[in-house]
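For the single chain, residues carry numbers from 1 onward in sequence order.
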Amino acid sequence: MDRSPRSLRQDRVMGNTPNFSTDYDEQYDSTWEDESDGEETRESSMQWSHRNTHAAKDMQTFRHKFRKTQHDDSTDDYLEDDEELPNLRFYQNDMPFYPDGVLIKDFHIFWFGDYDRLEYVHSYIQWLFPIQEKGMNYASRELSLKEIKLFRTDEEVQRRLLTSYKLMLDFYGIELVSEDSGEVKRAKNWKEQFANLNRNTHNNLRIIRILKCLGLLGFRHYQKPLVHFFLEETLVNNQLPRVKYSVLDYFMFAVLDKDERKDLIKYAYCHFKPKEDFVWCPRRIRNKLEKETVSHKLNAGSNEGESSDSTSQSEQNDLMNSRVHKKNEFKTDTNEDTGNNKSLRCESRNDENVSGESQDSEEQASQHTERDSKENDSKEIQKSDSESSEDSMATGTATNTEANSTHYDAEKSSDQNSSKYTFSPGEANASS
């Protein structure tokens, strides 16, 4: 989509498009001055044709001014006699900011989450985040060295400055995760506020001011996490395209700690595409970073291969162990089955023995029963014989008796018959 000349000029002023200057010199960036390897420090104009020279000079000026705040004997030339300390008094809630006339406490209460007012009112940001530079609000005052020193030592002022930072982060769709480390992440409202941030590029200048203020007034450790967040969103997540070049030209070089600044530039180079268009470090450093990137990829591939080999070896070992385990399980199962079979055989034998014993006992019982039966039969036969004998005897007796009786009757009859004859006494005695 074609952009109007006015829009392009606005983007260039806000720092979110490349500046095609050809007069860049490494003197504007001291980030890598301690890593000189004997090569010429001045780069060719073609190398730096896309570097925003205005941004490089502005960030260098900021870092040089900061060094003065680290010395107790440093003084302001034109603010040395300023006893009003307007920025400090505003944060102490002793005076409102002008021209709106709002105290810092009221601002934190009534302006938090009022996104329309925070977007369209342009007079508060110079008071909320004072720095050593003039802003668009001519009623504001530059931050003096005396105020800087007092800001850093006043705990109540520090707490209120932190509240102001959280308020603006929320406006940009960002949330402070840790007050100790300064880590930030996307807030719940990030989609809507990212859209507003990408649409209204004057917020790029506000963020530059916020980063400078954090470095000056005691929150240097908050700079890197915020810049890293924007690098990740623009280069990795492909968000905020109209903020991208402000991050590269300004945000990175507002970080005061040199080692942290190097880390951010390396991260940016790693994720910037195409690599040949990366101009935010000297060519010698870019060549060095390219070698480190290639070496890192080779090591990563080697580690991945080793990991794959070790994984394969591990898988083979696991497979072998699994097979051994299965064999052991099979042997165990076989042993268990053998044991069970043996047990079953023993049980069967026991059952057979028991069965045999029971059969023997049954046979013995049967034999005893048969014997008893035979004995009983024998006894019964004997009894029967005895009874028969007795009966025969009784019958014989009875027969004999009957016979005797018959014989007696016969004898009696004979006697009676013989009595008809006359016996002599001698004959009668002889017959009896």
Side-chain angles (χ1 to χ4, degrees), residues 6-7 9-11 13-16 58 61-62 65 69 76-152 154 156-174 193 196-197 199-219 226 243 246 250 254:
R6 180 180 180 182
S7 177
R9 284 196 302 272
Q10 183 184 16
D11 281 351
V13 170
M14 298 304 173
N16 61 323
D58 179 54
T61 300
F62 162 69
K65 283 188 176 181
T69 68
D76 297 306
D77 294 335
Y78 58 96
L79 295 175
E80 188 174 3
D81 298 328
D82 186 2
E83 297 297 332
E84 293 184 9
L85 306 176
N87 297 292
L88 181 65
R89 290 181 60 202
F90 168 66
Y91 261 94
Q92 290 174 337
N93 208 48
D94 290 338
M95 63 174 288
F97 75 84
Y98 295 104
D100 297 87
V102 181
L103 292 169
I104 185 65
K105 281 187 176 182
D106 295 332
F107 183 89
H108 287 159
I109 295 172
F110 299 109
W111 288 54
F112 188 94
D114 191 345
Y115 299 146
D116 287 339
R117 183 151 56 168
L118 291 172
E119 177 58 46
Y120 297 113
V121 176
H122 301 283
S123 57
Y124 67 88
I125 195 70
Q126 296 83 6
W127 290 90
L128 215 59
F129 298 97
I131 57 177
Q132 295 172 291
E133 304 168 27
K134 287 289 292 182
M136 296 181 65
N137 182 358
Y138 292 98
S140 64
R141 299 280 287 275
E142 299 151 90
L143 193 63
S144 66
L145 286 173
K146 186 175 183 180
E147 285 179 315
I148 292 172
K149 296 172 185 177
L150 293 173
F151 256 94
R152 294 173 179 174
D154 192 320
E156 184 65 20
V157 167
Q158 289 280 291
R159 184 184 63 80
R160 288 175 179 158
L161 183 60
L162 178 58
T163 303
S164 298
Y165 181 57
K166 291 179 180 179
L167 182 147
M168 292 305 294
L169 287 179
D170 176 74
F171 174 56
Y172 297 134
I174 307 171
Q193 297 313 116
N196 179 78
L197 180 57
R199 182 170 54 249
N200 297 290
T201 57
H202 67 90
N203 283 291
N204 296 347
L205 295 176
R206 290 178 172 181
I207 296 172
I208 296 170
R209 173 178 280 270
I210 291 171
L211 285 167
K212 290 179 177 180
C213 180
L214 291 174
L216 286 170
L217 300 183
F219 291 92
L226 183 60
V243 183
S246 287
Y250 288 93

Participant: Within the structure provided, determine whether Asp106 and Pro96 are in side-chain contact (heavy-atom separation under 4.5 Å).
Facilitator: no

Participant: According to side chain to side chain contact (heavy atoms under 4.5 Å, CB included), who are the partners of Lys105, at least two apart in sequence or on a separate chain?
Facilitator: Asn93, Arg160

Participant: Identify the two heavy atoms, one from Arg209 and one from Ile125, that lie closest to each other, and give their separation to 0.1 Å.
Facilitator: CD-O, 3.7 Å

Participant: Of all residues at least two apart in sequence or in a different chain, which pass the ring-ring contact (aromatic ring centres under 6.0 Å, His included) check with Phe219?
Facilitator: Tyr222

Participant: Run the side chain to side chain donor-acceptor pair (under 3.5 Å) test against Tyr165 and tell me which residues pass, sequence neighbours left out.
Facilitator: none

Participant: Can you name the side chain to side chain contact (heavy atoms under 4.5 Å, CB included) partners of Asn137, sequence neighbours left out?
Facilitator: Pro99, Ser123, Gln126, Trp127, Ala139, Ser140

Participant: Just to verify, what does Arg199 make a salt bridge (Lys or Arg N to Asp or Glu O under 4.0 Å) with, not counting sequence neighbours?
Facilitator: none

Participant: Between Gln132 and Thr69, is there a side-chain heavy-atom distance shorter than 4.5 Å?
Facilitator: yes

Participant: Report yes if the side chains of Phe62 and Leu216 come closer than 4.5 Å at any heavy-atom pair, otherwise no.
Facilitator: yes

Participant: Between the side chain of Gln158 and the main-chain N/O of Phe151, is any donor-acceptor distance below 3.5 Å?
Facilitator: yes

Participant: Is the backbone N or O of Arg159 less than 3.5 Å from a side-chain atom of Thr163, with the two atoms forming a donor-acceptor pair by type?
Facilitator: yes

Participant: Go through the structure and list residues passing side chain to side chain contact (heavy atoms under 4.5 Å, CB included) with Asn200, not counting sequence neighbours.
Facilitator: Glu119, Asn196, His202, Asn203

Participant: Return the set of residues passing salt bridge (Lys or Arg N to Asp or Glu O under 4.0 Å) with Asp170 (not counting sequence neighbours), or none when no residue passes.
Facilitator: none

Participant: How about Val121 and Trp111: do any of their side-chain heavy atoms sit closer than 4.5 Å?
Facilitator: yes

Participant: To the closest 0.5 Å, what do you measure between CG (Leu169) and CD1 (Ile207)?
Facilitator: 9.0 Å

Participant: Atom NZ in Lys65, atom CD1 in Ile148: separation rounded to 0.5 Å?
Facilitator: 9.5 Å

Participant: A side-chain contact here means heavy atoms from C-beta on lying under 4.5 Å apart; do Leu128 and Tyr91 qualify?
Facilitator: yes

Participant: What's the shortest heavy-atom distance between Leu143 and Pro130, and which atoms?
Facilitator: CD2-O, 3.6 Å

Participant: With rounding to the nearest 0.5 Å, note down the distance linking OG in Ser164 to CG in Leu214.
Facilitator: 10.5 Å

Participant: Mind checking what makes salt bridge (Lys or Arg N to Asp or Glu O under 4.0 Å) contact with Asp114, not counting sequence neighbours?
Facilitator: Arg117

Participant: Atom CG of Leu103 and atom CZ of Phe97: how far apart are they, to the nearest 0.5 Å?
Facilitator: 9.5 Å

Participant: Suppose we screen for salt bridge (Lys or Arg N to Asp or Glu O under 4.0 Å). Which residues come up paired with Lys166, at least two apart in sequence or across chains?
Facilitator: Glu179

Participant: Is the closest side-chain heavy-atom distance between Tyr172 and Leu226 below 4.5 Å?
Facilitator: no

Participant: Output yes when a side-chain donor or acceptor of Tyr124 lies under 3.5 Å from a complementary backbone atom of Leu118, and no otherwise.
Facilitator: yes

Participant: Pairs in or reaching into residues 123-135: which pass salt bridge (Lys or Arg N to Asp or Glu O under 4.0 Å), with residues at least two apart or in two chains?
Facilitator: Glu133-Lys212

Participant: Taking the side chain as every heavy atom from C-beta outward, state whether Cys213 and Leu161 have any atom pair closer than 4.5 Å.
Facilitator: yes

Participant: Less than 4.5 Å apart, any side-chain heavy atom of Leu217 and any of Glu147?
Facilitator: no

Participant: Once rounded to the nearest 0.5 Å, what's the spacing between atom CZ of Phe171 and atom CZ of Phe112?
Facilitator: 12.0 Å

Participant: Starting at CG of Leu205, measure out to NE2 of His122 and round the result to the nearest 0.5 Å.
Facilitator: 11.0 Å

